[in-house]
Amino acid sequence: MTRETWIAGAGVDTTSGEAGQETRSAPLPRFGPVTSIVFYIAGYILVGIVLTVFVSILFATLVATGLIEPPSIDLATAGIDPEKILELLGPLFFPLITLVGVYSILYTWAFVRLFDRRPFSSLGIGLTSGWRLDFGRGLGLAALLLGVVFLISLASGGIAVVGFQRPAPPDHALIPYLLMAIVALISVGIYEELMFRGYILQRLTEKTGPFIAVIVSSLIFAILHMTNPGAGFLGLVNTWVIGALLCSLYFRSRSLWLPIGFHFGWNFLLGFAYSLPVSGLPFHGILEVVELEPKSRLAGGIYGPEGGFATLIALALLAAWLIWKRTKPRR
């Protein structure tokens, strides 16, 4: 990659000299796009493991010395049942998600600064004048698409609404619980978009162009979600298509705030408005929803709508509308 390409693609720092002198550009990345992505993912996993071991040793030491009380959580009794795991984790669940988000954001910032040698804001995460509008547009699109998914599931008999419920566990105060949920899910939207539509997509685009970059980055995004409870082939396909949609939102706005708004809106509304699993994780929502055909792939089963045909139909309708909008004759 040439210096001119890096300046055009990353928008890095340039300073103008006196008349007749060429502008001075920022240093080039230390590695090429593919090597950088491999190091980025491997480093993220390695540093995460090291930090987890360190925190575990520190926590065990504090418990052994009597400085803190031992937790009353026995994950062994929960097995792989996500509902039991969430019940046992209780108030620790959302803080843990937030901590993962903080680590992911700081790691990406450090990697971009040290190895790519460019500003963190070049990923499209800067607080520009239109970032709130982009976030709101993404939130609105998620609400619209999820509404279609929910109506398809209702109309086809895959699910039924049997009433309303309190959107928090019985032993949790409602407002603090919802505030923790909002903070945690916003952190998820930010760090996942930074990683997949920020770093991986943008660096891969420099090597392969947008088309291949969208396919590969979305496939990585989908594969990493396959460790969630209830994930299957249809869940892989739907998550890959949603990843491609998030890529298109970035390319349309050249800002991560549009896909971040969609990501947060999708997760929060899916879990706390429609009471349906989010990538295999159940939440307490406002509506009391039952799945009439648990083995049917329409509503997605344990994995939630992201693993069902209703989401695939809604995504196909959205794609058809976008194609029609782009190709319809203009007056």
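Source: prediction; values computed, not measured.
Among residue pairs with one or both ends in residues 136-159, those qualifying as salt bridge (Lys or Arg N to Asp or Glu O under 4.0 Å) are D134-R137; sequence neighbours excluded. Applying the ring-ring contact (aromatic ring centres under 6.0 Å, His included) test to pairs two or more places apart or on separate chains, those with a residue in residues 184-217 are Y40-Y199, F111-Y199, F196-F221.
Residues satisfying the side chain to side chain contact (heavy atoms under 4.5 Å, CB included) criterion with A213, sequence neighbours excluded, are L201, L204, T205, T208. For T35, the side chain to side chain contact (heavy atoms under 4.5 Å, CB included) partners at least two apart in sequence or on another chain are F31, F39.
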Could you check Y274 against V149 for side chain to side chain contact (heavy atoms under 4.5 Å, CB included), going step by step and ending with a plain yes or no? CA-CA 11 Å; Y274 297 117; V149 172; over 6 Å; no
What's the verdict on side chain to side chain contact (heavy atoms under 4.5 Å, CB included) for S253 and L249, showing C-alpha distance, side-chain angles and the deciding distance? CA-CA 6 Å; S253 63; L249 294 180; 5.7 Å; no
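Here the side chains of V47 and Y103 are in contact, with some heavy-atom distance below 4.5 Å. With a 4.5 Å cut-off on side-chain heavy atoms, L315 and T311 count as touching. Within the 4.5 Å cutoff, no side-chain heavy atoms of M195 are placed close to those of I41. F120 places a side-chain heavy atom less than 4.5 Å from the side chain of T108. Annotation: side chain of L258 is not in contact with side chain of Y250 (no heavy-atom distance under 4.5 Å). Inter-residue side-chain proximity for P305 and S153 is flagged as unmet; no heavy-atom pair is nearer than 4.5 Å. Residues I182 and F264 meet the side-chain proximity criterion, which asks for heavy atoms closer than 4.5 Å. Counting only heavy atoms from C-beta outward, the side chains of W109 and L194 never approach each other to under 4.5 Å.
Exactly one of L269, L145, L270, L287 qualifies for a side-chain contact (heavy atoms from CB on, under 4.5 Å) with F150. That residue is L287.
Looking only at distances, a side-chain donor or acceptor of Q202 sits under 3.5 Å from a matching main-chain atom of R197. Checking side-chain atoms of S121 against main-chain N and O of G126 turns up no donor-acceptor pair under 3.5 Å. Looking only at distances, no side-chain donor or acceptor of N267 sits under 3.5 Å from a matching main-chain atom of L185. Judged by distance alone, the side chain of Q165 and the main-chain N or O of H284 form no donor-acceptor pair under 3.5 Å. Within the 3.5 Å criterion, the main-chain N or O of L28 finds a donor-acceptor partner in the side chain of R117.
Put simply, CG on L245 and OG on S218 are 9.5 Å apart, with the number rounded to the nearest 0.5 Å. Taking CG of L276 as the start and CG of L146 as the end, the distance is 8.5 Å to the nearest 0.5 Å. How far CE of M180 is from CD1 of I97: 10.5 Å, rounded to the nearest 0.5 Å. We find the CD1-OG distance between I200 and S36 to be 11.5 Å, quoted to the nearest 0.5 Å. Atom-to-atom distance recorded for E192:CD and S187:OG is 9.5 Å, nearest 0.5 angstrom. In this structure, L139 CG and L144 CG are separated by 11.5 Å, a value rounded to the nearest 0.5 Å.
Side-chain heavy atoms closer than 4.5 Å link hydrophobic residues (I, L, V, M, F, W, Y) into clusters, and following such links, possibly through other members, connects V112 to Y44. Under the 4.5 Å side-chain contact rule for hydrophobic residues, I212 and L219 share a cluster. A continuous path of ILVMFWY side-chain contacts below 4.5 Å connects L114 to I125, so both sit in one hydrophobic cluster. One hydrophobic cluster, built from ILVMFWY side chains closer than 4.5 Å, holds both F164 and F268. M226 and V216 fall within a single hydrophobic cluster, where Ile, Leu, Val, Met, Phe, Trp and Tyr side chains are chained together by heavy-atom contacts under 4.5 Å.
Within 6.0 Å of CZ on R166 lie more than 12 heavy atoms contributed by other residues, nucleotides or ligands.
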Side-chain donor-acceptor pairs under 3.5 Å in residues 48-61, sequence neighbours left out?
unit_1	atom_1	unit_2	atom_2	d
T52	OG1	G48	O	2.7
S56	OG	T52	O	2.7
T61	OG1	I57	O	2.8

Pair up each side-chain donor or acceptor in residues 235-243 with any protein partner under 3.5 Å, not counting sequence neighbours, and list the distances.
unit_1	atom_1	unit_2	atom_2	d
N238	ND2	E306	O	2.9
N238	ND2	G308	O	2.8
T239	OG1	G235	O	2.6
T239	OG1	Y303	OH	3.2
W240	NE1	I215	O	3.2

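Ring geometry, W257 versus W131: the interplanar angle falls from 30° to 60°, so the pair is classed tilted.
Smallest separation of non-hydrogen atoms from V278 and G271: CG2-N, 3.7 Å.
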